[in-house]
Amino acid sequence: MEIYHGNIVYSESVKSLKEIKSGYIIVDNGVIQGVYDKLPDEFSKYKVIDFGNNIIIPAFNDLHVHAPQYPQRGIAMDVLLYDWLNQYTFPLEAKYKDEAFYKSVYSAFVNDLIKHGTMHAVVFATIHSPASDYLVSELEAKGIKAYVGKVNMDKDSPDYLVETTDASVKNTEEFIKKHINNKYAKPILTPRFAPTCSYEILKKLGELADKYDVGCQTHIVESLWEKEEAKKCFTGCRCDMQIYQEAGLLKHKPFIAAHFIYPSKEDIELLNKCGGYAVTCPDATTNVIAGIMPAGNLIDTGINLAIGSDIAAGSYLGIYRQVASAVRLSKIKSLYEQDNRTISFEEAFYMATLGSGEIFGKVGSFKKGYDFDALVIGDLQDPFMELPPKQLVERFCYSGDVTSIKARFLRGKSI
Ligand code: GUN
Ligand code: FE
């Protein structure tokens, strides 16, 4: 049994960010037993681990991140999606056939993810099986709950970054078989996006989804170009989501729709029906995609929303900054398109913690029965104006960085 003392902030629901000043979290075997503002007598015999005035918050979830693009973060940000992919990203991803390269990048990526306080993630790898296996093994060894995908691309891709349909499906099945019984880092189907996937490959991935009960991640209506290109490639489909429905890829959980910036009514209905997640990646959106998810209005449809760093279209690995940017962008969206409502800080924090935690199990909050996956943040108070813990969490998201994170816990273990 461990008892942690400090200021405690966590989401109870989409609208409610709970704050306990000078509270206690009781943890047994890595699992939260209760949160109290006064320590109950029955626990008085245990030693208290005291974080004083620092704030204990849940660790973050990154629902859309490309591990192989980690070396490219913060560069090539002055072009749009199509050029960014073809000029920078595809040539970089081709390097993941090189063992020394992928081992050094993926080890650094996983360490930096944890350093930034992300302990649950949905991750793209590349088309390469050995590199993808290595990425899974690094996450599994660290105990990070994750879904990782070996990428499928079988058309309209450079010849140095493409597989035949059959090889891609066969390699994907091998990848699933190798990792399906992992404890933490599990496989997920990962057709890159509609423009680089044939209908045949999507159908065959749909069969794998049924055979192994695995979910699917992809990019959905991410830019005006992609939305139109998807409809051109799949002439029988009225919208991006319908392509994946027809292929049988919406039947298994989780379904992760990165970006979801220009959804039609039917896209929204299909995502809602399958219980999937729309992931806003605010930096990526401004850097290379040039569109803003209608987050507030989507929340009101009942869709599950989440936040992603989308490294390296996004340029910063810490999800806390994306929480701030999601709020910021919702205001710009609402300014230019007045039927869009803004989102609150509480809503954005929820999206990055409790709201998207469900796909990994009981993570993202400090309710009883949840994993104690937590960050201790500090050095946020200044002497000019005493701020309550909730506002210090907001300050962390807007102006903090890794140095604000003083300790990290994964299932009760300090890491
Ligand atoms: N669409 C297809 N591939 C990618 C990618 O790597 N990043 C982003 N942001 N969008 C994509
Ligand atoms: Fe992406």
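Whatever order the structure lists them in is the order used to number ligands and atoms, beginning at 1. None of the values given here were measured: they were computed from a predicted structure.
- Cation-pi check for Arg411 over Phe409 is not met; the charged atom does not lie both under 6.0 angstrom from the ring centroid and within 45 degrees of its normal.
- Heavy-atom contacts of His66 reach the following atoms of ligand 1: 5 (C), 6 (O), 7 (N) (cutoff under 4.0 Å).
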Problem set entry | Working for ring pair (Phe, Tyr, Trp, His ring centres under 6.0 Å), residues Phe124 and His219 | CA-CA 11 Å; Phe124 269 60; His219 300 89; 5.0 Å; yes

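- Side chain to side chain, His128 and Thr126 meet the donor-acceptor criterion of an N or O pair below 3.5 Å.
- Between Phe349 and Tyr320 there is no side-chain heavy-atom pair separated by less than 4.5 Å.
- Phe124 does not count as a contact of ligand 1, since none of its heavy atoms falls under 4.0 Å from the ligand.
- Residue contacts with ligand 1: Asp310 is placed with a nitrogen or oxygen under 3.5 Å of a nitrogen or oxygen of the ligand (distance criterion only).
- For Asn182 (side chain) and Ala185 (main-chain N/O), a donor-acceptor pair under 3.5 Å exists by modelled atom type.
- Closest to atom 8 (C) of ligand 1 among all protein heavy atoms lies His219 NE2, 3.5 Å.
- Closest to atom 3 (N) of ligand 1, if we only count protein heavy atoms, is Arg192 NE, 2.8 Å.
- Atom SG of residue Cys281 and atom CD of residue Glu222 lie 9.0 Å apart, to the nearest 0.5 angstrom.
- Residue pairs meeting the salt bridge (charged side-chain N to carboxylate O under 4.0 Å, His left out) criterion with at least one member in residues 184-203, sequence neighbours excluded: Glu93-Arg192, Glu200-Lys204.
- Among protein heavy atoms, the minimum distance from atom 1 (N) of ligand 1 is reached at Glu222 OE2, 2.6 Å.
- Among residues two or more places apart in sequence or in another chain, the side-chain hydrogen bond (donor to acceptor under 3.5 Å, both in side chains) test is passed with Glu173 by Lys211, Tyr212.
- Looking only at protein N/O/S atoms, the ones less than 2.8 Å from the Fe ion (ligand 2) make 4 in total.
- With sequence neighbours left out, the side-chain hydrogen bond (donor to acceptor under 3.5 Å, both in side chains) criterion links Gln245 to no other residue.
- Cation-pi check for Lys227 over Tyr262 is not met; the charged atom does not lie both under 6.0 angstrom from the ring centroid and within 45 degrees of its normal.
- Contact annotation: Leu81 has at least one heavy atom less than 4.0 Å from an atom of ligand 1.
- By the criterion of a heavy-atom distance under 4.0 Å, the side chain of Gln69, and not its backbone, is placed next to ligand 1.
- Atoms of ligand 1 lying under 4.0 Å from any heavy atom of Ala313, numbered from 1 in the order shown and given with element: 9 (N).
- Proximity of Trp84 to ligand 1, defined as any heavy-atom pair under 4.0 Å, is confined to the side chain (atoms from C-beta onward).
- Annotation: Phe255 is not in aromatic contact with Tyr277 [ring centroid separation under 6.0 Å not met].
- Interface atoms of ligand 1 facing His259, defined by a heavy-atom separation under 4.0 Å, are 9 (N).
- Counting the atoms of ligand 1 from 1 in the order shown, those under 4.0 Å from a heavy atom of Leu85 are 2 (C), 3 (N), 4 (C), 5 (C), 6 (O).
- For the pair Ser11 and Thr353, the tightest heavy-atom approach, listed with the atom from each and the gap, is OG-OG1, 3.7 Å.
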